[in-house]
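Worksheet: the structure to be examined is printed underneath.
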Amino acid sequence: MNIRPATSNDYYDIIKIYNQAVDEKFATADTEYVTLESRKVWFSQHSPDTYPIYIAELNEEIIGWCSLSPHRPGRKALRSVAEISYYIHKDHRRKGVANNLIIHTIDSAKALGFRNLIAILLDLNKASIYILEKFGFEKWGHLPEIVQID
């Protein structure tokens, strides 16, 4: 497996994997598929030297991605905080892809000067909660029954 910064050529695959999470209804709060157009602003907030998106590839196929995103953009006191998100292609889960992406992204976050990483998860996403706890993330807030998904 190779991990590298995403380029604009990867955006279609990033969206395709994200939309698998939309289908599952517990890995994201989106209830409708996203499109390249609807994610244009999100992509513009990311670059390898500020808020990177990393791609995991296997045999030239994108099998997952992990990103650092601004948390509450514009609030200077929070500039050392980033939100970590990751999504793995459904055919490549439970094979260490998420672990490798998270390790790579945490190391990158430190090098970029981020002191704190946060993740926002739905309660039903037990696998992601478990993985992040393994990396030292702690539950700091709980908003029960806040989402409305089928």
Side-chain angles (χ1 to χ4, degrees), residues 1-73 81-110 112 114 116-150:
M1 174 179 17
N2 178 47
I3 297 176
R4 63 168 176 79
T7 69
S8 59
N9 292 335
D10 302 319
Y11 291 174
Y12 173 77
D13 289 311
I14 290 169
I15 288 170
K16 180 176 136 189
I17 292 169
Y18 184 85
N19 284 335
Q20 290 177 352
V22 174
D23 281 339
E24 293 168 343
K25 300 188 187 296
F26 66 86
T28 179
D30 276 317
T31 58
E32 297 177 3
Y33 289 150
V34 300
T35 64
L36 189 55
E37 184 63 30
S38 71
R39 297 294 276 186
K40 191 181 263 186
V41 171
W42 186 84
F43 282 120
S44 74
Q45 294 174 327
H46 294 81
S47 74
D49 52 345
T50 57
Y51 294 98
I53 303 170
Y54 293 108
I55 296 297
E57 293 178 307
L58 184 62
N59 301 323
E60 298 183 23
E61 176 190 2
I62 295 175
I63 60 172
W65 59 272
C66 188
S67 65
L68 294 175
S69 298
H71 175 67
R72 315 270 323 240
V81 180
E83 180 181 348
I84 187 171
S85 301
Y86 58 93
Y87 294 87
I88 310 303
H89 188 286
K90 64 183 178 182
D91 296 337
H92 295 277
R93 295 184 187 148
R94 300 190 181 278
K95 297 178 182 178
V97 179
N99 284 330
N100 288 325
L101 277 168
I102 292 168
I103 289 167
H104 186 89
T105 305
I106 288 172
D107 289 344
S108 172
K110 290 175 186 174
L112 290 168
F114 292 109
N116 297 288
L117 296 181
I118 65 165
I120 299 172
L121 303 171
L122 301 178
D123 269 352
L124 294 174
N125 195 345
K126 302 296 185 200
S128 284
I129 292 168
Y130 171 78
I131 290 170
L132 290 173
E133 285 177 342
K134 186 169 74 171
F135 285 101
F137 285 73
E138 300 173 7
K139 187 185 290 186
W140 281 19
H142 187 239
L143 303 169
E145 300 179 33
I146 194 168
V147 297
Q148 296 178 352
I149 299 174
D150 296 339

Pairs flagged by side chain to side chain donor-acceptor pair (under 3.5 Å) wherever residues 94-103 is involved - sequence neighbours left out: Asn99-Lys134
Heavy atoms, side chains only, cut-off 4.5 Å: are [X] and [Y] in contact?
{"X": "Pro52", "Y": "Leu112", "value": "yes"}
{"X": "Trp42", "Y": "Tyr51", "value": "no"}
{"X": "Ile15", "Y": "Tyr33", "value": "no"}
{"X": "Ile17", "Y": "Ile88", "value": "no"}
{"X": "Thr28", "Y": "Tyr87", "value": "yes"}
{"X": "Ile129", "Y": "Phe137", "value": "no"}
{"X": "Asp91", "Y": "Ile63", "value": "no"}

For [X] and [Y], work out which heavy atoms get closest and say how close.
{"X": "Ile62", "Y": "Ile55", "value": "CG1-CG2, 3.6 Å"}
{"X": "Ala56", "Y": "Val97", "value": "CB-CG1, 3.9 Å"}
{"X": "Ala27", "Y": "Asn125", "value": "CA-ND2, 3.6 Å"}
{"X": "Leu101", "Y": "Gly64", "value": "CD1-C, 3.8 Å"}
{"X": "Thr50", "Y": "Ser47", "value": "OG1-OG, 2.7 Å"}
{"X": "Ala29", "Y": "Leu122", "value": "N-CD1, 4.2 Å"}

Aromatic plane relationship, Tyr11 with Phe43 - under 30° parallel, 30 to 60° tilted, over 60° perpendicular: parallel
side-chain contact (heavy atoms from CB on, under 4.5 Å) between Tyr54 and Leu68, worked out: CA-CA 9 Å; Tyr54 293 108; Leu68 294 175; 5.5 Å; no
Tyr12 OH: over 12 foreign heavy atoms closer than 6.0 Å: no
Short side-chain to backbone donor-acceptor contact, Lys126 and Asp123, under 3.5 Å: yes
Qualifying residues under side-chain hydrogen bond (donor to acceptor under 3.5 Å, both in side chains), relative to His46, sequence neighbours excluded: Ser69
Hey, can you pull the donor-acceptor pairs under 3.5 Å for the side chains in residues 1-9, sequence neighbours left out?
unit_1	atom_1	unit_2	atom_2	d
Asn2	ND2	Glu57	OE1	3.2
Arg4	NE	Glu57	OE1	3.2
Arg4	NE	Glu57	OE2	3.2
Arg4	NH1	Asp10	OD2	2.7
Arg4	NH2	Asp10	OD1	2.9
Arg4	NH2	Asp10	OD2	3.3
Arg4	NH2	Glu57	OE2	3.1
Thr7	OG1	Asn9	N	3.3
Thr7	OG1	Asp10	OD2	3.4

Atom pair [atom1]/[atom2] of [X] and [Y] - distance to nearest 0.5 Å:
{"X": "Ile84", "Y": "Cys66", "atom1": "CD1", "atom2": "SG", "result": "4.0 Å"}
{"X": "Ser128", "Y": "Ile120", "atom1": "OG", "atom2": "CD1", "result": "13.0 Å"}
{"X": "Lys16", "Y": "His89", "atom1": "NZ", "atom2": "NE2", "result": "5.0 Å"}

Distance-only donor-acceptor check, side chains Tyr86 and Thr105, under 3.5 Å: no
